Colleague: 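Pasting in a structure now, in structure tokens, and then I'll have a few things to ask.
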Amino acid sequence: MAKAEVSLEHLFRVFTKPEHSDSTLAKIERHLSDNISDFLSQHVVTKKTSLEEIEKDFSSASVPDSPEFVSEHAESLLNKLVAHSVNTYSPTFIGHMTSALPYFHLTLAKLLVGLNQNLVKIETSKAFTPLERQTLGMMHNLIYQQDDKFYEDYLHSADHALGSFCSGGTVANITALWIARNQLLGADGKFPGVAKAGLAAAYRHYGYENIGVMSSNRGHYSLSKTVDVLGIGRDNMLTVQSPTQKLDPQQALKLGKAYQESGNKLLAIIGIAGTTETGHVDPLDELADVAKELNCWFHVDAAWGGATLFSERYRSKLAGIERADSVSIDAHKQMYVPMGAGMALFKDPKHSNAVRHHAQYVLREGSKDLGATTLEGSRNGMAMMVYSSLHILGRRGYELLINKSIELAFEFAEMINVHPEFELTTQPTLSLLTYRLRPFSLSQLAGMPASDITNINNRLNSLTVSVQKQQREAGKSFVSRTRIEIEKYNGEAITVFRVVLANPLTTKEHLSDILQEQLTIANNNRIWNELSVNPTSKIA
Ligand SMILES: *Cc1c(COP(=O)(O)O)cnc(C)c1O
């Protein structure tokens, strides 16, 4: 490969001069703009190359000594990276929350990188700052629906924040509970507050043994990272076993009271609006009552399901979300924005002051620098992608997309229900469902003796794992798998296929083909064939 010269002159060119119009770089750019999914084949994974094979292309740990031509480097990216990437745009890629994006993002992304604004402070972002604040205001409005005066007062106020834009749901959850923590353990008399004095002093001052956070065991793992980072500790993450997939308010109240009666303080109850595994929505309104009774913060993790609020038809599934002190929403999930777009929204615009930081060279007091209340420092202008999507698709466009996904999930559930060899393991609430292969001979499994149920479930679990892997490796489609407790199997955890329907181009035919493919794989599986013939045989 020809090496580019090592000279400042050459480097200046890299900074200033676009390559000529028929360079590889320019061709790639045109090709990308024309049709990005051309780079990936019709399949979900283009080549059947193992991860170990691919690792060989990325095996050197030395920094390349000499520069490469950009066009040649781009060529190598095509071969090593793009060719082996996962086609998240495929309509048969239905296993995860990452899906196809509208094409306009490709063009707009150039603006983002081209301008390279830093939202940490006004001096490096100017117009992007009010744009981000307006975007947060729109999302706040979607949840809390305050009057015009409220938004006039707070949208651009230097002393308030309607929310915090960040890289994703994880940081949004940490931000929300960081505020909750600093609010609970705030300054009081001579005590300067936890932000200054630290947790040990705060517990001593307030007389708390510990503070804790409660959610169902379906809570996203970012919650356990959150209690870790905030110094609360994973032992104080109260996870409630929930075989119905939803946090039971009665149980939450009982557990919260018991926790507080033994010298602790419950910091927050987390309601989940669309669990990552099954898409269930906790009873938010009742959990808001419980939080009120326990006098604690109420946070709703709507990272995935929050976009349901765009739909007049389905927004009532999230009823009670408007009572949350804070809400997390990921725009990079059901809002079809590229990754790196999360938001924490705050009911009370003053609350963000609990984490406000000032510094001399940036974030001066009274400034509108967003960095004063965000966890992250330097941040790009991703809010523009959300802002643009909200304009280009509009609430009604989003509504159509959300409705379509939910309705397709119900249609898929029905296809599974009427199929003799499949079992729907969780009904969709939103556009997510779980199911598994189960021979017709076992359609009465739930009525069998407990030991038979366990034995058969264990074998079905191995079957599910094996079919899921083979389907993934075949590369035509992708369905994920997870383990969930099922009420009718005495709360036993079973392995299931998990499907997230987000790509508007996925059709019923795609779904029917996916079921057929799974059945064909199963027909060559020993466990499947044994169970089909003799369901209660104990052969392992
Ligand atoms: C995806 C998700 C998160 C984490 O969001 P990231 O953007 O991956 O950091 C948190 N909670 C729920 C419910 C989610 O679905």
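Numbering of residues begins at 1 and proceeds along the displayed sequence. If you're wondering where the values come from, they're calculated on a predicted model, not measured in any experiment. When a ligand or atom number is given, it counts from 1 through the structure's own listing order.
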Colleague: Would the Phe58 and His84 ring centres measure less than 6.0 Å apart?
Modeller: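 No - the distance between ring centres of Phe58 and His84 does not fall below the 6.0 Å cut-off.
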
Colleague: What residue and atom, counting heavy atoms only, is the protein's closest point to atom 2 (C) of ligand 1, and at what distance?
Modeller: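 Protein heavy atom at minimum distance: Lys333 NZ, 2.3 Å.
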
Colleague: Could you pull out all residues at least two apart from Thr278 that satisfy side-chain hydrogen bond (donor to acceptor under 3.5 Å, both in side chains)?
Modeller: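 By the side-chain hydrogen bond (donor to acceptor under 3.5 Å, both in side chains) rule, Thr278 matches Thr275, His280.
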
Colleague: Which label fits Tyr398 and Tyr336: parallel for a plane angle under 30°, tilted from 30 to 60°, or perpendicular past 60°?
Modeller: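 If you compare the ring of Tyr398 with that of Tyr336, the planes turn out parallel.
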
Colleague: Would you mind running through ligand 1 and noting each atom that sits below 4.0 Å from a heavy atom of Gly168?
Modeller: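 Those qualifying, in numeric order: 7 (O), 9 (O).
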
Colleague: Is it true that Glu485 and Arg218 make a salt bridge, defined as a side-chain N closer than 4.0 Å to a carboxylate O?
Modeller: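 Looking at Glu485 and Arg218, the cut-off is met.
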
Colleague: Hey, is Thr170 touching ligand 1 through its side chain, its backbone, both or neither, going by heavy atoms under 4.0 Å?
Modeller: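 Both the backbone and the side chain of Thr170 come within reach of ligand 1.
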
Colleague: Check whether any N or O atom of His332, backbone or side chain, sits under 3.5 Å from an N or O atom of ligand 1, and answer yes or no.
Modeller: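 Yes, since at least one N or O of His332 sits under 3.5 Å from an N or O of ligand 1.
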
Colleague: Looking only at protein heavy atoms, which one is nearest to atom 11 (N) of ligand 1, and how far off is it?
Modeller: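 Among all protein heavy atoms, the one nearest atom 11 (N) of ligand 1 is Asp301 OD2, 2.7 Å.
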
Colleague: Answer yes when Lys488 and Glu423 have at least one side-chain N-carboxylate O distance shorter than 4.0 Å, and no when they do not.
Modeller: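 Yes, Lys488 and Glu423 are salt-bridged.
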
Colleague: Which heavy atom of the protein is the closest neighbour of atom 4 (C) of ligand 1, given with residue, atom name and distance?
Modeller: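 So the nearest neighbour among protein heavy atoms is His220 CE1, 3.3 Å.
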
Colleague: Quick check: do Asn295 and Gln260 have side-chain heavy atoms less than 4.5 Å from each other?
Modeller: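 The answer is no, as the side chains (C-beta and beyond) never meet within the 4.5 Å cut-off.
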
Colleague: Of all the non-hydrogen atoms in the protein, which one sits nearest to atom 7 (O) of ligand 1, and at what distance?
Modeller: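 So the nearest neighbour among protein heavy atoms is Asp330 OD2, 2.6 Å.
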
Colleague: Which ligand 1 atoms does Ala303 reach within 4.0 Å, using its non-hydrogen atoms?
Modeller: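 Near Ala303, the atoms of ligand 1 are 2 (C), 3 (C), 10 (C), 11 (N), 12 (C), 14 (C).
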
Colleague: Is ligand 1 less than 4.0 angstrom away from at least one heavy atom of Gly342?
Modeller: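 Outside the 4.0 Å threshold, so no.
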
Colleague: Kindly give the heavy-atom pair with the smallest separation between Ala413 and Gln427, and that separation in Å.
Modeller: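 Result for this residue pair: CB-OE1, 4.4 Å.
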
Colleague: Closer than 4.0 angstrom: is that true for some heavy atom of Gly274 and an atom of ligand 1?
Modeller: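 Contact present.
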
Colleague: Ignoring hydrogens and geometry, is there a side-chain-to-backbone donor-acceptor pair from His332 to Ala341 under 3.5 Å?
Modeller: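 Yes.
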
Colleague: Distance under 4.0 Å to a non-hydrogen atom of Ser222: what atoms of ligand 1 satisfy this?
Modeller: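 Near Ser222, meaning under 4.0 Å from one of its heavy atoms, ligand 1 has 10 (C).
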
Colleague: Give the atom numbers and elements of ligand 1 that come within less than 4.0 Å of a heavy atom of Met97.
Modeller: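 Those of ligand 1 that fall under 4.0 Å from Met97 are 15 (O).
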
Colleague: Name the orientation class of the two ring planes belonging to His140 and Phe150 (parallel below 30°, tilted from 30 to 60°, perpendicular beyond 60°).
Modeller: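 It falls in the parallel class, under 30°.
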
Colleague: Which of the atoms in ligand 1, numbered in the order shown and given with their element, are less than 4.0 Å from a heavy-atom of Thr276?
Modeller: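 Every atom of ligand 1 under 4.0 Å from some heavy atom of Thr276: 12 (C), 13 (C), 14 (C), 15 (O).
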
Colleague: So which heavy atom in the protein is nearest atom 6 (P) of ligand 1, and how far is it from that ligand atom?
Modeller: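 Going atom by atom, the protein heavy atom closest to atom 6 (P) of ligand 1 ends up being Gly169 N, 3.3 Å.
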
